[in-house]
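Presented below is the structure to which this report refers.
The figures here come from the full heavy-atom set of this structure, side chains too, leaving out hydrogens, waters and symmetry mates. Both ligands and their constituent atoms are indexed starting at 1 by order of listing.
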Amino acid sequence: MSIASRMFRPREMQSGRHHLLFPVLAAALAAAVFYVDTYTDLESAIAVIYVVTMLLAAQAVTRLGLLAIAATCAAMTLLSYAVTHGHDGDLQSTIRLIVALAALVVTTMLLLKTESARLTLLSINDALKESEARYRSIFDRTRVALWERDYSRLHAKLMNLKQQGVVNIKEYARENPGFTDNCIDLIKVVASNEAARELLGPQSSAIGELKPSIIAAKEKFLDVMQAIMNDERMFEDKVELRTDSNEDKLALLSISFPKEPAAFNRVIVSMVDVTQRELAAKALADAQAELTRASKAAAVGAMSASLAHELNQPLGAIIVNAQTLLRWLSREPPDLPAARRSAERMIRDSQRASDIIQNTRSLLAQSKGRVETIGLDDLVDETLILMEHELQRSGTTVRVEREDTPPLRAVKIELQQVLINLITNAIQAMDSAGIRERFITVRIAVQDREHIRVTVRDSGPGIAADAKDKLFAPFFTTKAAGMGMGLSICRTTLEARGGRLDGGNHPDGGAVFEMSLPIRPEMEYA
Ligand code: ADP
């Protein structure tokens with residue numbers, strides 16, 4: 001920086017010629033003064049000239065040296081006095097001696113003061129030099145592309161326009177073709193660092209006029225001008241640039257404008273190349289869009305599979321009830337009360353099928369089911385009534401063990417479906433294993449202050465060793481007509497509300513599935 005060229009040169013660095021010249025002159029002068037003072041009859045305060053000796057010597061010696069020379073001069077003055085006047089010194093010559101010594105003392109003190117001021121100046125200068133070097137090295141070595149640019153002429157022009165009443169620079173540029181290019185021509189590059197040269201190439205970062213071609217999109221430059229016009233202190237935005245090799249780049253531009261108009265000759269402009277980052281972000285966005293498309297397709301597939309799976313049970317129940325209804329009707333005479341009961345069951349199962357479709361549809365539409373306050377006792381009872389037929393048909397006895405539990409906030413149809421899945425799985429497992437004594441135990445208990453635990457245990461064969469790890473994986477099934485979606489959907493449904501579902505084998509035999517249900521889900525959806 002320019003300070004370096006104006007720098008004060010410390011005495012140690014001054015040329016060797018001066019180094020020798022001043023002490024030699026000083027010594028010669030001191031010798032001459034001593035001779036005249038001692039061996040001639042000149043009746044004047046010749047010793048005062050020692051002061052000149054000191055002034056000469058001061059150019060080349062340190063503070064200690066100066067003190068030594070002052071002492072030597074004083075000693076020589078006293079020696080001359082002793083040789084010339086001995087013990088009978090008159091008043092005049094004694095006064096001359098005192099004047100000479102006083103001149104030496106005063107000169108020495110002044111020189112010492114000057115010397116200390118000079119040393120302070122040197123140390124300030126050194127500190128300045130060091131901070132300048134530090135700034136330089138930051139400027140040069142940082143990976144951020146930096147320019148020092150002179151915006152003073154542009155600033156003056158814009159302030160002039162402002163005074164003329166121009167407010168919107170974009171409008172003004174539209175009305176005055178060539179205005180933008182003229183403005184770019186007013187900017188000068190004062191300095192640029194290595195990263196700047198790497199970003200744009202050596203020509204575009206060269207000191208001198210700013211190359212207009214580097215500004216690929218002039219619109220942004222108009223924004224910069226508007227910021228100057230509005231007296232803003234900072235401009236930051238993404239800009240498109242064109243390098244020396246005609247390559248388009250995207251950079252994050254940041255310019256801090258000074259407060260004082262005079263300081264616009266040194267404006268720091270910084271840029272960070274974000275071309276790769278932007279490309280990566282675009283690739284990521286594309287990949288995400290692709291993934292969303294794919295997962296939507298998968299979700300639709302899973303949803304259809306889930307619908308087919310969930311509807312199987314109520315539809316099956318409707319068929320059974322319809323057949324029963326026909327049987328009651330074909331009796332002689334028809335058993336109308338029994339037929340009515342079957343019809344009522346059919347209505348109930350149809351309603352449930354309709355609820356399942358409704359819930360699946362609302363899941364697809366991203367709106368979750370209605371959260372309500374549910375008593376688990378009632379929910380279990382209701383579910384068992386719904387499953388009455390299957391339970392009867394398979395000869396399964398259900399035992400419900402209840403602890404006093406608080407009501408919880410949940411979506412009823414979701415919990416019901418999970419329970420139905422677990423009970424159906426239990427019935428099927430016991431059925432296929434040909435178990436004679438078929439029991440299912442549903443237990444409702446407090447797990448902790450925030451959760452209720454519901455377990456469904458059966459007296460079936462338990463979960464096969466090779467199925468344990470894959471139990472909750474979608475499409476995992478060991479059944480000939482199974483779909484392998486039930487447990488996977490159940491777990492996802494509960495987890496979406498902050499709950500859990502785990503399964504394994506009971507130490508006393510049979511499979512046991514455990515639901516952990518939050519009393520208040522973290523998020524409630526209206
Ligand atoms: P699917 O109903 O098609 O079989 P699920 O996800 O409901 O699908 O269950 C996956 C597998 O988990 C079943 O095929 C079965 O092997 C096993 N399973 C589930 N529940 C039980 C149970 N109570 N006892 C033994 N095995 C079970």
| query | When you look for protein heavy atoms under 4.0 Å from ligand 1, which residues do they belong to? | reply | H309, N425, A426, A429, D458, G462, I463, L471, F476, T477, T478, K479, G482, M483, G484, M485, G486, L487, A511, F513
| Pairs involving residues 177-218, ordered by first then second residue, that meet ring-ring contact (aromatic ring centres under 6.0 Å, His included) (sequence neighbours left out) | Y172-F179
| message | Does either side chain, that of R457 or that of T441, offer a donor lying less than 3.5 Å from an acceptor on the other one? | response | no
| request: Indicate whether any N or O donor in one side chain lies under 3.5 Å from an N or O acceptor in the other, for D448 and H451. | output: yes
| message | My understanding is that only residues two or more places apart in sequence, or in another chain, count here; which of them pass side chain to side chain donor-acceptor pair (under 3.5 Å) with S245? | response | T243
| Can we say R345 and D349 salt-bridge, meaning some charged N sits less than 4.0 Å from an Asp/Glu carboxylate O? | no
| request: For H155, enumerate each residue passing the ring pair (Phe, Tyr, Trp, His ring centres under 6.0 Å) test, keeping only those at least two apart in sequence or located in another chain. | output: F264
